Amino acid sequence: EVQLVESGGGSVQAGGSLRLSCLGSAYTFSTYCMAWFRQSPGKEREVVVGLGRSSTTYADSVKGRFAVSRDNAKNTLYLEMNNLKPEDTAMYYCAANTRGCVNPELASDKYNYWGQGTQVTVSS
């Protein structure tokens, strides 16, 4: 079973930066498609960025501000968030698709493992 543990959330002012991490437990971490999602109270969970085998897709709302990377040697997925806005306030989750994929998956039902989430709060 895959376990995902997020960290790095916190409270920042608008314009600030945070770096989220997602540590995975599986030896085959490098073969999984991964994603970051976020959810605010009263809103549906939305994709922030999806990673396929060789490509990445960002939500329009974070393009140019967020950057995802993965260190397969450390089984860790990162999300660098810059120029944060109050509307970025949400619980952020990392997710893994271990059932095999090539291109980035943007729908939450494509992912079969989820972390517990880390809270990001951006004040104006």
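No experiment lies behind these values; they were computed from the predicted model shown. Computed from heavy atoms alone, side chains included, the values below leave out hydrogens, waters and symmetry copies.
- Residues Leu84 and Thr89 are not in side-chain contact: their nearest non-hydrogen atoms beyond the backbone lie 4.5 Å or more apart.
- Judged by distance alone, with hydrogens and angles left aside, the side-chain atoms of Thr76 form a donor-acceptor pair with the main-chain N or O of Lys74 at under 3.5 Å.
- Between the CG atom of Leu77 and the SG atom of Cys94 there is a distance of 6.5 Å, given to the nearest 0.5 Å.
- By the 30° and 60° cut-offs, the orientation of the rings of Phe37 relative to Tyr111 is perpendicular.
- By the 6.0 Å contact criterion, CD on Gln3 is open, its count of non-hydrogen atoms from other residues, nucleotides or ligands being 12 or less.
- Tracing side-chain contacts under 4.5 Å through hydrophobic residues (I, L, V, M, F, W, Y), one reaches Leu51 starting from Val2; they form part of the same cluster.
- Hydrophobic clustering of Ile, Leu, Val, Met, Phe, Trp and Tyr side chains at less than 4.5 Å, counting indirect connections, keeps Val47 apart from Met34.
- Rounding to the nearest 0.5 Å gives a distance of 8.5 Å between CE of Met81 and OG of Ser17.
- Expressed to the nearest 0.5 Å, how far CZ of Arg53 lies from SG of Cys33 amounts to 6.5 Å.
- Between the NZ atom in Lys110 and the CD atom in Glu105 there is a gap of 5.5 Å [rounded to 0.5 Å].
- To the nearest 0.5 Å, atoms CG (Leu18) and CG (Asp88) are separated by 10.0 Å.
- Counting all heavy atoms, side chain and backbone alike, Pro104 lies closest to Gly50 at CB-O, 3.5 Å.
- Between Phe66 and Val49 the shortest side-chain heavy-atom distance does not fall below 4.5 Å.
- Between the Thr118 side chain and the Gly9 main chain, a donor and an acceptor come within less than 3.5 Å of each other.
- Under the 3.5 Å distance criterion, the side-chain polar atoms of Glu6 are matched with a main-chain donor or acceptor of Gln116.
- For the residue pair Asn75 and Ser25, no side-chain donor N or O sits within less than 3.5 Å of a side-chain acceptor on the partner.
- Going from atom OG of Ser21 over to atom CG of Leu23 covers 8.5 Å, rounded to the nearest 0.5 Å.
- Grouping the Ile, Leu, Val, Met, Phe, Trp and Tyr side chains by contacts below 4.5 angstrom, directly or via other members, places Tyr32 apart from Leu106.
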side-chain contact (heavy atoms from CB on, under 4.5 Å) evaluation trace for Val122 with Gln13: CA-CA 5 Å; Val122 185; Gln13 290 191 329; over 6 Å; no
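- Judged by the 6.0 Å distance and 45° axis criteria, Arg70 is not positioned over the aromatic ring of Tyr78.
- In this structure, Trp114 and Tyr93 have perpendicular ring planes: the angle between them is above 60°, well past the 30° mark.
- For the pair Leu79 and Tyr92, the minimum side-chain heavy-atom distance is below 4.5 Å.
- When the side chains of ILVMFWY residues are joined at heavy-atom separations under 4.5 Å, either directly or via intervening members, Val12 and Trp36 end up in a single hydrophobic cluster.
- Looking only at distances, no side-chain donor or acceptor of Asn112 sits under 3.5 Å from a matching main-chain atom of Arg99.
- Under the 4.5 Å side-chain criterion, counting only non-hydrogen atoms from C-beta, Asn97 is not in contact with Tyr113.
- Looking at Glu46 and Gln39, their side chains never come closer than 4.5 Å, going by heavy atoms from C-beta outward.
- With contacts defined as side-chain heavy-atom distances shorter than 4.5 Å, the pair Arg38/Val62 qualifies.
- Looking at Arg65 and Lys85, their side chains come closer than 4.5 Å, going by heavy atoms from C-beta outward.
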